[in-house]
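In each ligand, atom 1 is the first atom listed, and ligand 1 is the first ligand listed.
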Amino acid sequence: MAKGFIRQSLILLLLVVSIHCSISVKLQSSQVEALLRVQSILNFPSVLSSWNKKTKFCNLEPSSSVTIVCYGNNVTQLHICGDKGAPKLPHNFSIGSLVETLVKLPSLKVLTLVSLGLWGSLPGKIEQMSSLEMLNVSSNFLSGNIPEEISSLTNLQGIVLDDNAFNGEIPDIIGSFPVLNALSLRNNSFDGLLPKSLSKLSGLRVLTLANNQFSGEVPDLRGIKNLEDLDLENNSFGPNFPQLENKLVSLILRNNKFRSGIPAEIGSYYQLKKLDVSLNKFMGPLPMSLLSIPSINYLNIAKNKFTGTLSKNMACNVALNFVDLSSNLLTGDLPDCLVSKSKNRILHYEGNCLNAPDDGQHQYSYCRNEALAAGIATSIKKRDQKRKAILASCIVGGVLVFAVLIVMVFWLFRRVNARKKLDAQPPRVISEKASTGYTSKLLCDARYISQTMKLGALGIPAYRTFSLEELEIATNKFASAAFMGEGSKGQMYRGQLSDGSLVAIRCLKLKENHPTEYFMPHIELISKLRHRHLVSALGHCFEYYLEDSSVSRLFLVFEYVPNGTLRSWISAGRARRKLTWSQRIAASIGIAKGIEFLHTGITPGIFSNNLRITDILMDQNLAAKISSYNLPLLTENMGMDTNGASTRSKEVYKRIKHEDKMDIYDFGVILLEMLLGIQIKTRSELNALRHQVQASLAADEAARRSTVAEEIQNTCSAESLKTMMEICTRCLLKDLTLRPTIEDVLWNLQFASQVQDAWQGGESRSSRSSSPASPPQLPKLRFTVH
Ligand SMILES: *[C@@H]1O[C@H](CO)[C@@H](O)[C@H](O)[C@H]1NC(C)=O
Ligand SMILES: *[C@@H]1O[C@H](CO)[C@@H](O)[C@H](O)[C@H]1NC(C)=O
Ligand SMILES: *[C@@H]1O[C@H](CO)[C@@H](O)[C@H](O)[C@H]1NC(C)=O
Ligand SMILES: *[C@@H]1O[C@H](CO)[C@@H](O)[C@H](O)[C@H]1NC(C)=O
Ligand SMILES: *[C@@H]1O[C@H](CO)[C@@H](O)[C@H](O)[C@H]1NC(C)=O
């Protein structure tokens, strides 16, 4: 009985529900007409074959191909999904009238018209579908641009135009959808750069741009806090890894032109499940943290130039069920955690140089050589010549704005060799073969640069490889407007990277053919010479000859130091205000710190830097930076043809015990110019001025004040002036054993600075009391004699 009762009430209930439905879903007749018109415009597709005037649209059983949802007497959702691969609609189809008809469904929020053979370009009238929240017109033949009018559809949360033939650039108005959370443009013919406004789509979770012809850098997407899905597959994005928030779940960069390395931060993408960076030109070390990202289960890095040594005991996420490391330059052993067969894991690793039992691995040397050749750009000699002509013409008409940046004196190279073979061989023997031995030692030692010295508070980006493309864009194809000057060691260009930062690019044309391998140790050393008082290298780029892949040009990218040379702040013309005495002391301390770093911050030190006041550059805070240090690079190419370099090296070599004292002398010359405010151009000028300073040191304070530059005569304390003069004359002593060490120089400069500070404080007090300030207790000057 109870059963019967339940059945009856169920039937009753169903009855009530169905009556209720049929009552409440009496669709407005205009909307019924609109739907029937849609059927006709779509040329009566088979999936709509049941529609006719009597159809109760709001009561239709939802199916995978047709679903209509009503609210009250309005259609709010319309999904029509035609047969897969439906052909283009006939000629009399008009997308315009389709949209006009759909406008008659005023409450339509969700519209899906998939695989219906639609063609034409979206009309601006689409703006009248003002309730629209989700538009999915995938798998049709739609073409043309995204109409700007679409931006008035401010309720849009999803735009899906996948698998069509849309083209052109994404309009800037794309940034104007306040609530958009999915934008999917997969498999169209969009091209150009992505608009920066994309980063304004702060609610976006899914961004799919795969299979288009987009190019260039991905705009900074860090404004999109909740981006979970980014798919850029099959485009030409690059070269830099996109800037992203760390909430990503799926990141697909497959088959683009990314080159720069993967940032280590990716280890902090705690939700990342799928990472596919395969088929790019990524190079450099593989962040090993990729294998152990907390949520990762799919990792594909195949076909790049990742380097790195894997080891058996590395950690990896147990959830990883797909790992493809194939065709990279990895060495070492496969991690045990990947090899364990217990899981249903797919693992590919062929085409590396791993210690793996199976075939399909290269020799270790292959990976090494390929790694050295990474960053490849190619050139043929002909093209080079054309460029030379362009350069020549810009030099002829040219303005030599910038003095020689880096003087390549190559004796360090010899010195290190010589150290090993001091007794056995004459010092001049330099051969390419000898370089291999020395370089590994140098590299090894270079690691001893302390962490603080390497990173400091430099505020410059990590050293990296640049692509030739990138440098061409930065310099507008090495345009004459970017040309800064030319020295014996190549041309300098000013460039602006895509992130807006300015750089100075030195282009070295190589006379002798060498493979990349030959340069790498030098490059590695250069990458480590970073200090607040050195103009530091940001990266490099090789250009190759096609015929034999030897390096044709080497580009070294340096930070751009904007504020002119030290000389321009001391003695050149009246163009700018001159440095005060305190600023001069500060600048000399900066230079001395730079020298100290070159001498002792790295083992073996870099000496004989041939420092000149025109090679000291001033940054925006008036900190002095040494731009011309003795880069041990390119010996055969350049060392021999500049008479100065090789004779000087020989001379220095003889006195290798006091190698540091050459720089001390050069420092003395710079100091002399800072004291006197006179440009020193010849040796006889130098000697005369040195004697003048010496004489005034021996005389009295008045004599000393009258000797120095006018603008500092009355603003320096007697004691600091005397100290600075003393340092200067000692640095310039002929007998280099008597010259102070850089530590002593620095100590005394700092002393002069303190004395000056105390004096300035004292003077401002004494101007009230009008009693002469008493000098602070002075320690004796420190000059250790070696
Ligand atoms: C249906 O749409 C019309 C026009 O947008 C609106 O005025 C009406 O209130 C809607 N009806 C319901 C039940 O929402
Ligand atoms: C379009 O042309 C087809 C034949 O190609 C015809 O069957 C159909 O009725 C036409 N549709 C309209 C809306 O004129
Ligand atoms: C678009 O609609 C089709 C058919 O309903 C569906 O398969 C596809 O997932 C939709 N696309 C998106 C991104 O929602
Ligand atoms: C891209 O879209 C075209 C046209 O809709 C389709 O034929 C093709 O299969 C799609 N390709 C991919 C890879 O999805
Ligand atoms: C990328 O291109 C390949 C080859 O043309 C194709 O097989 C693949 O489906 C494309 N990927 C996407 C996401 O369209």
Side-chain angles (χ1 to χ4, degrees), residues 20-35 57-59 68-78 81-89 95 101-122 127-133 136-144 153 155 160-167 182-191 206-215 229-238 250-258 274-280 298 300 302-303 322 324:
H20 171 82
C21 287
S22 61
I23 289 168
S24 67
V25 294
K26 182 85 174 73
L27 194 57
Q28 292 178 17
S29 58
S30 64
Q31 299 195 18
V32 172
E33 269 164 40
L35 288 172
F57 289 100
C58 293
N59 296 353
I68 292 176
V69 176
C70 303
Y71 182 79
N73 47 3
N74 290 316
V75 174
T76 56
Q77 299 194 24
L78 174 62
C81 190
D83 296 325
K84 224 177 170 182
K88 238 177 170 169
L89 286 169
I95 182 87
T101 308
L102 290 168
V103 168
K104 304 211 169 100
L105 305 173
S107 303
L108 193 64
K109 291 182 193 308
V110 180
L111 175 62
T112 304
L113 298 172
V114 171
S115 294
L116 292 167
L118 309 183
W119 56 268
S121 53
L122 285 184
E127 69 184 335
Q128 293 167 31
M129 301 172 71
S130 53
S131 306
L132 208 58
E133 293 174 4
N136 180 351
V137 290
S138 302
S139 302
N140 285 291
F141 302 86
L142 296 168
S143 57
L153 301 181
N155 297 319
V160 181
L161 310 181
D162 296 350
D163 300 317
N164 278 285
F166 285 104
N167 56 35
L183 177 63
S184 186
L185 310 179
R186 182 163 49 84
N187 194 20
N188 278 282
S189 301
F190 288 109
D191 58 16
V206 178
L207 179 58
T208 306
L209 305 174
N211 243 12
N212 281 283
Q213 283 119 47
F214 290 114
S215 58
D229 240 300
L230 178 62
D231 185 354
L232 306 180
E233 182 172 342
N234 295 346
N235 282 286
S236 300
F237 287 115
S250 168
L251 175 57
I252 302 176
L253 307 181
R254 182 179 164 89
N255 196 16
N256 274 280
K257 295 199 169 147
F258 292 105
K274 177 169 181 176
L275 177 64
D276 186 345
V277 298
S278 56
L279 284 163
N280 277 286
Y298 182 107
N300 189 347
K303 303 212 170 133
F322 181 97
D324 191 346

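For atom 2 (O) of ligand 5, a protein non-hydrogen atom is found at a distance below 4.0 Å. Within a 4.0 Å radius of atom 9 (O) of ligand 1, the protein has no heavy atom. There is a protein heavy atom less than 4.0 angstrom from atom 5 (O) of ligand 4. For atom 14 (O) of ligand 4, a protein heavy-atom neighbour is found at a distance under 4.0 Å.
When all heavy atoms are compared, the tightest approach of Ser138 to Val160 is OG-CG1, 3.3 Å. In plain terms, the two heavy atoms of Leu253 and Phe258 that are nearest each other are CB-CE1, 3.8 Å.
At a cut-off of 3.5 Å, with distance as the only test, a side-chain donor of Asn187 or Asp163 sits close to an acceptor on the other residue. A donor-acceptor contact closer than 3.5 angstrom links the side chains of Asn234 and Asn255.
In the vicinity of Gly72, heavy-atom distances shorter than 4.0 Å reach the ligand 1 atoms 13 (C). Taking every heavy atom of Ser107 and a limit of under 4.0 angstrom, the matching atoms of ligand 1 come to 1 (C), 2 (O), 5 (O). For ligand 4, the atoms closer than 4.0 angstrom to any heavy atom of Asp163 are 1 (C), 2 (O), 5 (O), 10 (C), 14 (O).
A side-chain donor-acceptor contact under 3.5 Å links Ser131 to the backbone of Pro106. The backbone N or O of Phe214 sits nowhere less than 3.5 Å from a side-chain atom of Asp191 that would complete a donor-acceptor pair. Listed for the Asn74 side chain is no donor-acceptor partner under 3.5 Å among the backbone atoms of Thr76.
No side-chain heavy atom of Val69 sits less than 4.5 Å from a side-chain heavy atom of Val110.
When only interatomic distances are considered, the shortest N/O to N/O separation between Glu233 and ligand 5 falls below 3.5 Å. Close N/O approach between Asn74 and ligand 1 is found [any backbone or side-chain N/O within under 3.5 Å]. The shortest N or O to N or O distance between Asn234 and ligand 5 is under 3.5 Å.
When Asn211, Asn187, Asn140 are checked for heavy-atom proximity to atom 11 (N) of ligand 4, Asn187 turns out nearest.
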